[in-house]
Amino acid sequence: MWRSLLTMTTLVLTHTTMASDFPKDGRVDIWPNIPFIRGADLCRYKDAFSKTRTEYMDGMMKRAHDFMAFGAMPGEAISVLTEMNSLYDRNQELAIRNNNLDITLEATFKSYIDGYYRDLTPRKKLISFQHLNDIMSVVRSNQQGQVSVVLNQDSLSKIDYCAFGTYALAPNCQGEIQVTLHLVGRDGVSESFIGTGVPHIVMSRIAVQVFSKYQRTRFPSTIRVGEKDLTIVGGLNGSIDRVSAPELAEQACATLSARLPIRSELEMINSYGDWSGGVSLGHSVWAMPNGQIYHPLMRSTPVRNPWEVNAKTFLYYCVK
């Protein structure tokens, strides 16, 4: 899990999302019932089309020849090959018949999201799975194996997104499945996420994407620094931007009627972190006012001149 989270944190530095892409209150309430539809068997599709007919027949002939080399008669070799081929198909069919995989995918997805909140403890929880009726109705529906509520136009006004997904046996034929999850907003706009893995962990990869998308810092972000409020507005691209010289970052911030943060502000914003309205410094080198840079790995004197560090580009964001 933590390896994925470290990768996710790195992505945040270059893909922070603007607040206009989200509900105005910053929260993302998702309908908790997530139907998953079984798609094509990509394993069988690849197995069927990865070889030409001639290659397939040559392979079967070679196996039959190997059996006969060990003393089997031609008819016996063909019978064994036919039975082994049928056994493989039967095992695949039994593995996916009535296995309630859709329930597993929904449950593990929500549990991974909650697990990230427990581990990372952001100041505000922005993603929730919102039931639309009372708790006893939810309990009765679960006992009967039913969906807890049927959505209508009135209930849609209480949530931000509905979710549905598809899954298919992955083409690598190693017991993995490929899952796509779609979140559809009230305005009809959808966001899709995809992951591949064994059934009990595949949703962790999608949960990382969803958590990163909706929980990470969105610009503009206003936080408390000392006795004043500080608004992070990002760079010219509306996110964490990159320049070849600190002076270019200063010019960009001036264009936005903003400025580069000073050392104390950089460090305080780093303390808030990527999940609570701030920006983690990570191991990157950051542009500062007056042509200087901030290198977090040089702890005793992190403020340096650009020529003192081995970096060709510098990250920056602007504040007001």
Side-chain angles (χ1 to χ4, degrees), residues 1-32 34 105-131 158-165 179-187 189-195 201-225 229-235 237-241 268-282 284 315 317 319:
M1 176 187 294
W2 284 107
R3 181 177 299 177
S4 298
L5 288 174
L6 289 173
T7 301
M8 177 170 55
T9 302
T10 301
L11 291 173
V12 169
L13 295 178
T14 54
H15 297 284
T16 304
T17 307
M18 297 183 67
S20 58
D21 295 339
F22 296 84
K24 291 181 179 180
D25 60 1
R27 289 181 52 81
V28 177
D29 293 321
I30 305 171
W31 188 40
I34 307 175
L105 297 178
E106 175 191 313
T108 53
F109 171 67
K110 291 188 287 189
S111 65
Y112 277 119
I113 291 288
D114 288 339
Y116 296 148
Y117 277 112
R118 287 190 295 270
D119 292 337
L120 297 172
T121 61
R123 291 169 62 86
K124 293 182 180 179
K125 184 177 180 180
L126 298 180
I127 305 172
S128 67
F129 298 94
Q130 183 68 45
H131 283 281
K158 301 177 183 178
I159 60 173
D160 299 305
Y161 292 96
C162 289
F164 71 94
V179 180
T180 58
L181 179 72
H182 310 277
L183 297 181
V184 184
R186 287 198 298 265
D187 56 2
V189 177
S190 67
E191 184 88 16
S192 298
F193 308 86
I194 189 169
I201 68 169
V202 63
M203 297 310 293
S204 68
R205 297 173 180 175
I206 294 181
V208 162
Q209 299 173 50
V210 173
F211 188 90
S212 177
K213 167 74 177 180
Y214 295 107
Q215 181 64 42
R216 64 189 178 189
T217 297
R218 311 163 193 171
F219 295 155
S221 173
T222 301
I223 61 176
R224 191 72 176 175
V225 177
D229 290 332
L230 189 69
T231 299
I232 310 170
V233 298
N237 63 353
S239 180
I240 304 297
D241 210 344
M268 181 59 68
I269 292 170
N270 173 69
S271 298
Y272 276 88
D274 296 312
W275 316 119
S276 297
V279 177
S280 296
L281 292 171
S284 301
L315 297 181
Y317 56 82
V319 298

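Quantities reported herein were computed from a predicted structural model and do not represent experimental measurements.
- We find the CD1-OG1 distance between Ile223 and Thr217 to be 8.5 Å, quoted to the nearest 0.5 Å.
- The line from OG of Ser271 to CE of Met268 is 5.5 Å long, rounded to the nearest 0.5 Å.
- Note: Phe219 and Tyr317 have tilted aromatic rings, judged against thresholds of 30 and 60 degrees for the angle between ring planes.
- Residues Thr180 and Ser192 fail the side-chain proximity criterion, which asks for heavy atoms closer than 4.5 Å.
- Counting only heavy atoms from C-beta outward, the side chains of Ile201 and Tyr112 approach each other to under 4.5 Å.
- Across Val319 and Val233, no two heavy atoms sit closer than the pair N-CG2, 4.3 Å.
- Checking side-chain atoms of Ser221 against main-chain N and O of Gly277 turns up a donor-acceptor pair under 3.5 Å.
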Next on the checklist: ring pair (Phe, Tyr, Trp, His ring centres under 6.0 Å), that's the test. Do Phe193 and Phe109 meet it? Break it down for me.
Outcome noted: CA-CA 12 Å; Phe193 308 86; Phe109 171 67; 8.4 Å; no
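- A donor-acceptor pair under 3.5 Å is absent between the side-chain atoms of Gln130 and the main chain of Ile159, judged by distance alone.
- How far SG of Cys162 is from CZ of Arg186: 10.0 Å, rounded to the nearest 0.5 Å.
- The side-chain heavy atoms of Val210 and Val28, taken from C-beta on, include no pair separated by under 4.5 Å.
- In this structure Arg224 satisfies the salt bridge (charged side-chain N to carboxylate O under 4.0 Å, His left out) test together with Asp229, sequence neighbours excluded.
- One finds the OH atom of Tyr116 at 9.0 Å from the OG atom of Ser111 (value rounded to the nearest 0.5 Å).
- A donor atom on one side chain and an acceptor atom on the other are found under 3.5 Å apart for Ser128 and Asp29.
- Using a 4.5 Å cut-off on side-chain heavy atoms (C-beta onward), Leu181 and Ile34 make contact.
- Between the side chain of Thr108 and the backbone N or O of Leu105 there is at least one donor-acceptor pair closer than 3.5 Å.
- The shortest side-chain heavy-atom distance between Leu183 and Asp160 does not fall under the 4.5 Å cut-off.
- Between the side chain of Asp274 and the backbone N or O of Ser280 there is at least one donor-acceptor pair closer than 3.5 Å.
- Side-chain contact between Phe129 and Glu106 is absent, with no heavy-atom pair separated by less than 4.5 Å.
- Checked against side chain to side chain contact (heavy atoms under 4.5 Å, CB included), Tyr117 has the following partners two or more places apart in sequence or in another chain: Ile113, Pro122, Lys125, Leu126, Ile127, Phe211, Gln215.
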